Structure formats: structure tokens, C-alpha cells
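As a basis for the values below, the full set of heavy atoms in this structure was taken, side chains included, without hydrogen atoms, waters or symmetry mates. Fair warning: this is a prediction, and the values are worked out from it, not measured in the lab.
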Amino acid sequence: MNLAIDIGNTLSKMAVFRDGDIAEINRFSSLSVNTIESIFNKYPQIEKTIVSSVKNADPDVMNCIKSKSRIFIEFNETTKIPIENLYQSKSTLGKDRLASAVGANNILPNSNVLVIDMGTAITIDFVNSKNQYLGGNISPGLETRFKALHHFTGKLPLLQKNNQFEFMAKNTEDAIISGVQKGIIYEIDGYINDLKENYDDLKVILTGGDAIFFDKKLKNTIFVNSNLNFIGLNIILETNTTQWP
């Protein structure tokens, strides 16, 4: 069994893999030694672990993970991956972005795939049919946009996503909801339409916390996989450890 740990900006998440399939996923506001010990106690068959972190992880937590794992990998820019990374500043590339690209390529190998991760930030990443990661873009996520409008203005309220929204709103609260959500929809559809001009066989995978919310609201046909990052991390873990007994 494998364990993939993703330490993000907002949440820390863990996925347990059994024979390549996800057996369990847990989300935490922060990781603790007790949390790590409990997952290893529940799954004593875990032998290999990969950790991807966007910030400095607690040393005690990391030492606990290492002590419990027969094989341990901390995902960074030097870690071997099964696709070619053509990003120029590899050391600054978010590990979640690269892991999702690997996951998408594993699901749709030898395909032109646009990966859209809708979390705290919206990341747009592209893997071509030559299995090359070409890079992508970053913009504020759904909740981040609502918070920004509230924080940087004097009177606008802090609102949340809503499935009911108008094309042109008739009051301020609806205007914020429609503006934020329609803006994201037009943004995503714009990327898809532009890429389709050069790649008529383009595949699109939507992932991240807000993927389900936007799934049916986009005009383009997409595939939703909320666990793409974990799939990629597990593939990277296997890529780096298949030669180990």
C-alpha cells in the first residue's frame, strides 16, 4: 500500500492507495504526529509514502512519516516524473500543478490535455500528445475572488458561491455572485476555445475543490476528476520506486 500526502495552502490531505486504487482520503486543517500515527495504525501495510508540500512542513510530522515508511519521497523539482517537464523555472513550479499534469497524462496518455484545477487559485496547465508538460497560468480561485472584493472595498459584503445567478444582476449581492462566477466561466471557456483552435482533439480535465460546482456550468465538454493530484502523486511515487524491492 502507498500513502500520498498533499500539504496545501488551506488544507492537508492524505490518500491511501491499495494496488493503485484509492482506498481512503482524509482532509485536515493541519497535520499532527497523532494524525500520521493513526493512519499507519489503521493501514500497517503502507510501505511507500510521498509528500508534496507548498510550505515548510512541521519537522516532527515529517520525521514521523519517514520513520513509519519503508520508502519515503519528498516531491521536489529533482524528483523523476514520467513526463517531460518543459517549464523554465522548475524550482518555483507548484508541485500540485505538476502532480495533476502527471495524473492527467496517466489517464489520457499521448493526448493533448488541458488540466484546470479550481481551488484557492485556479491553475491552467497543458500536457501535449508528446507527453510534455508545457506550462500554464494562475489566477485567483472562486473563494479568493469573493474575499478580495470584500477586503479591498469599503462596502461590498463577503459572499459565497450560489448555484442561482443571473446573466445581468439587479442588486449588488447578485452582481457580486454573478460577476465572480460568470467571470470564471468565461475565463475557463476562453482557454478551452483558444486551445481548440490549435488542438481540435483537446481533452479537458477539471479538478479541485470547486470542480463539481462548475462542471455543468461550462459550455465545453469536460471530464471531472477530483483526485487528479493524488493519482499523479501515486504515479510519481511508483515511477521512483519500482526498482526497489
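Side chain of N105 to backbone of A101: no donor-acceptor contact under 3.5 angstrom is found. For K203 (side chain) and D201 (main-chain N/O), a donor-acceptor pair under 3.5 Å exists by modelled atom type. T239 places a side-chain N or O within 3.5 Å of a backbone atom of I235 that can act as its donor or acceptor partner. In terms of modelled atom types and a separation under 3.5 Å, the side chain of T92 and the main chain of S89 share a donor-acceptor contact. No donor-acceptor distance shorter than 3.5 angstrom exists from the side chain of S100 to the backbone of L228, with no hydrogens or angles considered. S69 places a side-chain N or O within 3.5 Å of a backbone atom of I65 that can act as its donor or acceptor partner. In this structure, the side chain of N240 engages the main chain of K80 through a donor-acceptor pair within 3.5 Å. Side chain of N128 to backbone of Q132: a donor-acceptor contact under 3.5 angstrom is found. Side-chain atoms of N41 come within 3.5 Å of backbone atoms of E37 as a donor-acceptor pair (strictly under, hydrogens ignored).
Partners of D125 by salt bridge (charged side-chain N to carboxylate O under 4.0 Å, His left out), not counting sequence neighbours, listed by chain and number: R97. Applying the salt bridge (charged side-chain N to carboxylate O under 4.0 Å, His left out) test to K48 and every residue at least two apart in sequence or in another chain returns E238. Residues satisfying the salt bridge (charged side-chain N to carboxylate O under 4.0 Å, His left out) criterion with D96, sequence neighbours excluded, are absent altogether.
Side-chain contact between L142 and F214 is present, with heavy atoms from C-beta onward closer than 4.5 Å. Counting heavy atoms from C-beta outward, L11 and F28 have side chains that stay 4.5 Å or more apart. Under the 4.5 Å side-chain criterion, counting only non-hydrogen atoms from C-beta, L93 is in contact with Y133. Residues I122 and D117 have side chains not in contact (no heavy-atom distance under 4.5 Å, counting atoms from C-beta outward). Within the 4.5 Å cutoff, no side-chain heavy atoms of F223 are placed close to those of L206. Counting heavy atoms from C-beta on, the side chains of K196 and N220 come closer than 4.5 Å. Using a 4.5 Å cut-off on side-chain heavy atoms (C-beta onward), T207 and N229 make no contact. With contacts defined as side-chain heavy-atom distances shorter than 4.5 Å, the pair T49/I71 does not qualify.
Each of N2, L237, I46, L3 was scored for a side chain to side chain contact (heavy atoms under 4.5 Å, CB included) with F17, with one residue passing: N2.
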Could you check I50 against S52 for side-chain contact (heavy atoms from CB on, under 4.5 Å), going step by step and ending with a plain yes or no? CA-CA 7 Å; I50 185 169; S52 171; 5.8 Å; no
For I36 and V33: C-alpha separation, side-chain torsions, deciding distance, then whether side-chain contact (heavy atoms from CB on, under 4.5 Å) applies. CA-CA 5 Å; I36 299 302; V33 171; 5.8 Å; no
S32/T35 under side-chain hydrogen bond (donor to acceptor under 3.5 Å, both in side chains): CA gap, chis, key distance, verdict: CA-CA 5 Å; S32 67; T35 301; 2.9 Å; yes
Let me see the working for R18 and E24 under salt bridge (Lys or Arg N to Asp or Glu O under 4.0 Å), right down to the final yes or no. CA-CA 9 Å; R18 180 187 290 113; E24 180 177 334; over 6 Å; no
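Under a 4.0 Å N-O distance rule, the pair K90/E77 does not qualify as a salt bridge.
The two residues I192 and L202 make their nearest non-hydrogen contact at O-CD2, 3.9 Å.
More than 12 heavy-atom neighbours from other residues, nucleotides or ligands sit within 6.0 angstrom of CG on N171.
Remark: K217 is positioned above the aromatic ring of F213, its terminal NZ or CZ atom under 6.0 angstrom from the ring centre and at most 45 degrees off the axis.
Among residues at least two apart or in separate chains, salt bridge (charged side-chain N to carboxylate O under 4.0 Å, His left out) pairs with a member in residues 135-144 are E143-K147. Pairs passing the salt bridge (charged side-chain N to carboxylate O under 4.0 Å, His left out) check and including a residue from residues 152-170, sequence neighbours excluded, read K161-D210. Sorted by first and then second residue, the side-chain hydrogen bond (donor to acceptor under 3.5 Å, both in side chains) pairs with a member in residues 177-187 read S139-E187, R145-E187; sequence neighbours excluded.
Two rings, from F126 and Y199, have their centers less than 6.0 Å apart.
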